[in-house]
2 protein chains.
Amino acid sequence: MPVPTGSSLDPDRTRAAILRTAEGVLYARGLDGVGIAELCATAGISKETLYRHFGSKDELVRCVLEARSDRVTHWLARAAADAGDDPAAQLAAVFDALGRWFDEPGFRGCAIVNAATQHHTAPASTIAARHLGRYLDLLTSIATRAGAADPAALGRRLLLLLEGATVVADHLEGPGAAADAREAALALLNSAVKRRA
Amino acid sequence: MPVPTGSSLDPDRTRAAILRTAEGVLYARGLDGVGIAELCATAGISKETLYRHFGSKDELVRCVLEARSDRVTHWLARAAADAGDDPAAQLAAVFDALGRWFDEPGFRGCAIVNAATQHHTAPASTIAARHLGRYLDLLTSIATRAGAADPAALGRRLLLLLEGATVVADHLEGPGAAADAREAALALLNSAVKRRA
DNA sequence: TCCTGATCGAACCAGTCGGTTCCATCTTGA
DNA sequence: TCAAGATGGAACCGACTGGTTCGATCAGGA
C-alpha cells in the first residue's frame, strides 16, 4: 500500500528525516558497513524515495557529512561563546564539551574524520580538511584573544590535542582523554602567553 | 599451470609475502576497499593458498595488524633509544621520526587506528587499544626518566599529541603537524619538570 | 473536484563479495 | 624413486551490493 493512509506528504520533512537517520546509522556502522536497503528500512522509507531525494549513496553521504560538520562546528563555537570572555575559560569550555561528547553512549570518534579514513577520497577528504580547518579557526581565534605570541602556532597545537583526544577517547579504554587534553591545552596557552609578556 | 616450474616451495616465505603485500594494499585502500580476489592477484598467489595460510579474511587482517603494531612500536622505541640518554632529546626524536613518516608518499594515518575506525569491533579494536597502550608506555617511560611530577599524566598528554599529529597530518593539508607536536611536547615536558623542581 | 506529484512495495539488474572445492602440476624431503 | 604437500587456475556458491523501474495508491494545491 503506497503512501500510507493518514500520512502527511512533506518532501522537505522526508528529506530531513532521511538525513537524520542516515547520519546515525552511518556513524554507528561505518560508511561501508550498512547498505542502502537497510538504511531505507531504518528510516522507514522506500529506496525510490531515497533516490529521488539524493540520487546516490555517495551524494547522501556527502550531504550527511556536510550537515554534521556544520552542526558540530556551531556546537563547539557555542560552547566557547557561552563560557564568557576569558580565553582560558573558553578553551576549557571547549574541552569540557568534548568530554561530555566522549562520554555519550555510542561515541565513536569524529564522524567526519572517520568518514575520511574510510573513503580517503573526495568528497569525504575535502569535507574533513575543511572541518579541521574550522576547528583550527576556532582555536586560533581563542589563542589570538589570549594574546599568544604566535596565535597560529598555538592554534595548530591545540588542534592536535583536540583530535588526539578524540582518537584516544575512541580507541583506548578509560576516561579522561578530554580532561588530559584540557590540562595540556591550558598549559600550552599559559606558556605561550607568559613567554610573550 | 599450478606450481610454476622452477619456483621454490617455501610455505613460511609465502606466508610472509602474503602478509607484506596485504599490509600495503589494506593500508592504502582500506579493509573493506579491497576484496580477497584482488589481494591474491596483487600478491601473485591463488585464493586457495591464501585460505590455507589464513583461513579467512578476518584472520588475515588480524595477522596484518598484529605484525604492523609490533613493527611500528619497535621502530618508534628504536628512534627514541638512538637519540641518547636525554629524555627531551628522546622525545624530540620520536616526533622527528613521526615527521619523516608523515612525509612519506602514501602516508594515510596510523594503520591500526584506521582499521579500528573501519571495523569498530574485535579484533581490530582490541589491537588498537593495545597499540595505543604501547605508545603510552614509551611516552610515560620518557616522562619518568625526565623526572616529571606526574609521569603518567604527562605520558597521556604526549599520547594525545602523537595521535593528534597523525590524524592532522593525514587529513589536513600542509606539513608541520609533527613539528608542531614536537614543540608542544617539549613545552609540556618542560613545564611538567619545572613545576616539580 | 481533479490533477500533480510524493510515496510505497516489489521485482529486477549486473556486479562483487567472501568463501569452497576440484584437479593438475610441481617441489621437496625421506 | 616416490609419496606428501604446496600451489595455481578455474569454476562455482549463496548472499549481498548499489541502483533502476513499474504500477498502485494516496495527499495536497489549484
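Naming: A, B, ... by sequence-line order, numbering from 1 per chain. Source: prediction; values computed, not measured.
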How many Å lie between [atom1] on [X] and [atom2] on [N], as a whole number?
{"X": "B:Leu50", "N": "C:dT20", "atom1": "CG", "atom2": "C1'", "value": "13 Å"}
{"X": "A:Leu60", "N": "D:dG19", "atom1": "CG", "atom2": "C1'", "value": "14 Å"}
{"X": "B:Ile45", "N": "C:dT25", "atom1": "CD1", "atom2": "P", "value": "22 Å"}
{"X": "B:Arg13", "N": "C:dT27", "atom1": "CZ", "atom2": "P", "value": "16 Å"}
{"X": "B:Arg52", "N": "D:dG8", "atom1": "CZ", "atom2": "C1'", "value": "10 Å"}
{"X": "B:Arg15", "N": "D:dT7", "atom1": "CZ", "atom2": "P", "value": "12 Å"}

Between A:Ser191 and A:Leu188 (side chain of the first, backbone of the second, donor and acceptor by atom type, cut-off under 3.5 Å), is there such a pair?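 Present.
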Checking the side chain of A:Thr140 only, and the main-chain atoms of A:Asp137 only, is there a donor and an acceptor separated by less than 3.5 Å?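 Looks like no, no N/O pair under 3.5 Å.
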I want to check one thing: is the phosphate of D:dA6, taken as OP1 and OP2, less than 4.0 Å away from some side-chain N or O of B:His53?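 The answer is no; no side-chain N or O of B:His53 sits under 4.0 Å from OP1 or OP2.
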State whether B:Ser46 places a side-chain N or O below 4.0 Å from either non-bridging phosphate oxygen (OP1 or OP2) of D:dG8.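 True: B:Ser46 side-chain N/O within range (under 4.0 Å) of D:dG8 OP1/OP2.
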Once rounded to the nearest 0.5 Å, what's the spacing between atom CZ of B:Arg130 and atom CD of B:Glu66?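 Taking CZ in B:Arg130 and CD in B:Glu66, the distance rounds to 4.5 Å.
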Within 6.0 Å of [atom1] in [X], more than 12 heavy atoms from elsewhere:
{"X": "A:Arg145", "atom1": "CZ", "result": "yes"}
{"X": "B:Asp85", "atom1": "CG", "result": "no"}
{"X": "A:Arg78", "atom1": "CZ", "result": "no"}

Set out, line by line, the N/O atom pairs under 3.5 Å between protein and nucleotides 13-18 of chain C.
{"from": "C:dG18", "atom 1": "OP1", "to": "B:Lys57", "atom 2": "NZ", "distance (Å)": "2.4"}
{"from": "C:dG18", "atom 1": "OP2", "to": "B:Ile36", "atom 2": "N", "distance (Å)": "2.6"}

Here's a test of your reading of the structure: between A:Thr49 and B:Asp58, which maps to the more 5' nucleotide of DNA chain C?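 Counting from the 5' end, the first nearest nucleotide belongs to A:Thr49.
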